[in-house]
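Since the structure comes first, as structure tokens, the remarks are kept for the end.
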Amino acid sequence: MNKIEIKNRFNGDVIYSYECKNNTLKITCVKAVLDKISLRGANLRGADLRGADLRDADLRGADLRGAYLRDTAIVIYGMMWPIQITKNCIKIGCQSHTLDDWVDFDDDKISKMHDNALEFWKENKDFIINKCKEVSK
């Protein structure tokens, strides 16, 4: 398990911390956004944020100098829900989680996402997981 802290660029206080296997600053940023944590004033200087879904992030005052923001996403349409796959992140419909989270979700967690989610996941899990692993290399 790897714990990463996002700190305030002005006073060094910890804004958010997250611990998971194969953690990166990008995964921690995405998790903070999913948890509705403001990243205002965050020190993200030089961070590799390629493909991170930061759409709802409050990044006012954040130090993004030298941060790599280019998106290298795979988008798949024509399935039950649109799928966006980026490095270590998968978004299916409105559900956006890290690769490790998707791998670890049990049937109960998936079935609570939507009425048809479990059937969809069982049919497409291997394909989606493998595509994310390819992008994450």
Side-chain angles (χ1 to χ4, degrees):
M1 298 296 261
N2 187 17
K3 181 178 179 179
I4 293 181
E5 296 179 335
I6 299 173
K7 295 184 178 182
N8 183 289
R9 69 183 276 207
F10 301 109
N11 61 21
D13 290 348
V14 175
I15 295 172
Y16 186 78
S17 66
Y18 181 62
E19 184 175 3
C20 72
K21 184 174 75 176
N22 301 320
N23 199 10
T24 65
L25 184 54
K26 178 173 75 175
I27 290 171
T28 300
C29 285
V30 169
K31 184 71 171 135
V33 172
L34 291 172
D35 289 347
K36 302 189 182 327
I37 303 298
S38 171
L39 296 176
R40 180 180 248 174
N43 181 5
L44 300 174
R45 189 176 194 162
D48 181 355
L49 300 173
R50 287 178 293 179
D53 185 354
L54 301 175
R55 255 184 296 225
D56 297 324
D58 179 358
L59 294 168
R60 286 177 280 186
D63 185 354
L64 294 166
R65 286 178 285 177
Y68 191 44
L69 302 170
R70 188 172 154 194
D71 191 358
T72 56
I74 295 174
V75 180
I76 302 169
Y77 295 104
M79 299 183 92
M80 186 175 291
W81 297 283
I83 301 169
Q84 180 180 346
I85 300 170
T86 58
K87 186 174 182 181
N88 293 317
C89 296
I90 300 170
K91 182 175 183 180
I92 302 173
C94 66
Q95 294 288 329
S96 183
H97 303 280
T98 66
L99 172 61
D100 288 338
D101 285 344
W102 282 108
V103 168
D104 292 340
F105 286 152
D106 60 19
D107 288 355
D108 185 54
K109 177 74 173 178
I110 296 291
S111 64
K112 289 178 181 175
M113 292 179 182
H114 190 276
D115 291 342
N116 302 320
L118 185 57
E119 180 181 346
F120 173 84
W121 187 238
K122 285 182 175 183
E123 291 175 10
N124 298 289
K125 177 180 179 176
D126 290 339
F127 169 75
I128 295 168
I129 296 295
N130 286 333
K131 283 295 171 198
C132 189
K133 286 180 179 177
E134 287 175 19
V135 170
S136 301
K137 288 181 184 176

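This chain uses plain numbering: 1 for the first residue, then up along the sequence.
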Step by step, would you call Tyr18 with Ile37 a side chain to side chain contact (heavy atoms under 4.5 Å, CB included)?
CA-CA 12 Å; Tyr18 181 62; Ile37 303 298; over 6 Å; no
Between Met80 and Asn116, the two heavy atoms sitting closest are SD-CB, 3.7 Å
Is the Trp102 ring parallel, tilted or perpendicular to the Trp121 ring (thresholds 30°, 60°)?
tilted
For Gly12 and Lys7, work out which heavy atoms get closest and say how close.
O-CD, 3.6 Å
Would Val30 and Asn88 count as a side chain to side chain contact (heavy atoms under 4.5 Å, CB included) here? Give the steps.
CA-CA 10 Å; Val30 169; Asn88 293 317; over 6 Å; no
Could you go through Tyr16 and Asp35, starting from their C-alpha distance and side-chain angles, then the distance that decides it, and tell me whether this counts as side-chain hydrogen bond (donor to acceptor under 3.5 Å, both in side chains)?
CA-CA 10 Å; Tyr16 186 78; Asp35 289 347; 2.6 Å; yes
Shortest non-hydrogen contact between Cys29 and Leu39, atoms and distance:
O-CD1, 4.2 Å
Closest heavy-atom pair and its distance - Ser17, Glu5
CB-CG, 3.7 Å
Taking Phe105 as the starting point, is it possible to reach Ile83 by hopping between hydrophobic residues whose side chains are less than 4.5 Å apart?
yes
Basic-acidic side-chain contact under 4.0 Å: Lys122, Glu119
no
Show, in sequence, the C-alpha distance, side-chain angles and deciding distance for Thr98 and Cys20, and conclude whether the side chain to side chain contact (heavy atoms under 4.5 Å, CB included) test is met.
CA-CA 10 Å; Thr98 66; Cys20 72; 5.6 Å; no
Where is the tightest heavy-atom contact between Ile85 and Val135, given as atom of each residue plus distance?
CG2-CG2, 4.3 Å
Which pair of heavy atoms, one from Gln95 and one from His97, lies closest together, and at what distance?
OE1-NE2, 2.8 Å
Does the side chain to side chain contact (heavy atoms under 4.5 Å, CB included) test come out yes or no for Trp81 and Asn124, once each step is laid out?
CA-CA 11 Å; Trp81 297 283; Asn124 298 289; over 6 Å; no
Out of curiosity, does Ile92 fall in the hydrophobic cluster containing Leu34 (side-chain heavy atoms, cut-off under 4.5 Å, transitive links)?
no
pair Phe120-His114: side-chain heavy atoms closer than 4.5 Å
no
Qualifying residue, where the test is side-chain contact (heavy atoms from CB on, under 4.5 Å) with Lys87 and the options are Asp48, Leu49, Leu99
Asp48
For a 4.5 angstrom cut-off between non-hydrogen side-chain atoms, does Ile90 reach Ile129?
yes
